[in-house]
Amino acid sequence: VAPDPLERAARRASRPLGALVLALAAAWAVLVVRAPDDATQGVVQKILYVHVPTIFSAYLGFLVTALAGLVYLWRDEERWDRLAAAAAEVGVLFCTVFLITGPIWAKGTWGRWWSWDLRLTLTLLLWFVYLAYLLLRSFTEGGPRAARFASVYGMAALVVIPLNYLAIDLAGGRSMHPENLGRGSLGAGMGWPFAAGVATALTAFLYLLALRLRLGGLRARAAQHAGLAEEPRGG
Amino acid sequence: MGWVVLCYAVVVAVVGGYALRLRRELRRLERFLGEDPLRH
């Protein structure tokens with residue numbers, strides 16, 4: 001079976017995306033080093049430039065999972081299910097990075113690694129929800145029934161994202177976590193390193209998604225290959 | 001400064017490690033299936 005159009009597109013895009021990630025990461029590193037220290041937090045505030053962009057990539061991954069799941073239910077084509085699974089895995093990776101960088105920043109500013117603040121708790125919930133998605137997929141043997149279930153799960157799980165984003169407003173001023181960034185909330189000289197961080201994280205997401213999507217296609221063909229090889233022995 | 005360096009080092013290790021793992025498995029499966037990566 002030949003690679004499907006999605007996999008072919010991922011194959012064409014992965015090398016240029018990889019080069020772009022390296023170039024953006026280099027520019028981002030320079031901008032972060034040259035960015036001014038925050039007047040209140042000092043140098044530890046520079047964690048912002050990696051912490052916030054990673055959750056954007058995680059949100060994008062989970063959004064792609066839901067959309068690809070929707071298209072799978074509509075078109076019943078396996079490639080969309082593979083895209084949903086790939087996006088969820090890369091999304092979980094970025095959510096994991098977010099959950100690692102957050103406590104490091106918290107330790108540097110609050111003096112403690114974790115607080116059961118609504119934003120932090122909902123981010124942990126988001127991570128568990130999508131980790132469960134990946135585990136459920138790995139426990140089943142695949143097939144259309146599992147793919148349909150995963151599609152519905154992937155769409156339903158999306159509800160945690162607005163809850164997570166709005167957690168600080170929902171906490172009604174009791175949250176330890178800083179407010180969501182808005183226009184003008186970054187100081188002078190902090191906009192470009194933040195923008196470079198977002199561009200790098202989103203490009204890294206696309207690069208990893210392209211690699212993971214190719215891998216999904218290859219795994220499917222390898223399984224088919226192994227099945228065909230076993231067939232003569234089985235009868 | 002130590003927290004910032006630790007943070008960025010962890011990010012590079014996690015994301016870079018995942019990318020390398022994917023690339024390694026891609027190469028292995030492409031060899032197994034006899035697919036030429038430059039053909040497509």
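All chains are named by letter (A, B, ...) in the order of the sequence lines, taking the proteins before the strands, and each is independently numbered beginning at 1.
- Both the backbone and the side chain of Leu26(B) come within contact range of chain A, with heavy atoms under 4.5 Å apart.
- Across Thr96(A), Thr101(A), Leu93(A), the residue that shares the most heavy-atom pairs under 4.5 angstrom with chain B is Leu93(A).
- Ring orientation note: the planes of Tyr130(A) and Phe62(A) are close to parallel, at an angle under 30° on the 30°/60° scale.
- Neither the backbone nor the side chain of Val21(A) comes within contact range of chain B, judged by heavy atoms closer than 4.5 Å.
- Of the two parts of Leu218(A), the backbone and the side chain both hold a non-hydrogen atom closer than 4.5 Å to a non-hydrogen atom of chain B.
- Options His51(A), Arg219(A), Gln45(A) differ in how many heavy-atom pairs under 4.5 Å they form with chain B, and the most are formed by Arg219(A).
- Residues Tyr18(B) and Val90(A) have side chains in contact (heavy-atom distance under 4.5 Å, counting atoms from C-beta outward).
- Using a 4.5 Å cut-off on side-chain heavy atoms (C-beta onward), Leu22(B) and Arg214(A) make no contact.
- With a threshold of 4.5 angstrom between heavy atoms, Arg21(B) approaches chain A through side-chain atoms but not through N, CA, C or O.
- Trp192(A) CH2: 12 or fewer foreign heavy atoms inside a 6.0 Å radius.
- Residues Glu7(A) and Arg221(A) are paired through a salt bridge, judged by an N-O separation under 4.0 Å between the basic side chain and the carboxylate.
- When each of Val97(A), Thr54(A), Val43(A), Leu215(A) is scored by its heavy-atom pairs under 4.5 Å with chain B, the top score falls to Leu215(A).
- Summarising the geometry of Ile104(A) relative to Cys7(B), their closest heavy-atom pair is CD1-CA, 4.0 Å, with the distance given to 0.1 Å.
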Item to complete: Decide salt bridge (Lys or Arg N to Asp or Glu O under 4.0 Å) for Glu30(B) and Arg11(A); before the verdict, give the C-alpha distance in whole Å, the side-chain angles of both, and the deciding distance to 0.1 Å.
Response: CA-CA 12 Å; Glu30(B) 276 170 347; Arg11(A) 181 173 283 206; 3.2 Å; yes
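- Residue contact with chain A, scored on non-hydrogen atoms closer than 4.5 Å, involves the backbone and the side chain of Val4(B) alike.
- When heavy atoms are compared at a cutoff of 4.5 Å, Tyr49(A) approaches chain B by way of both its backbone and its side chain.
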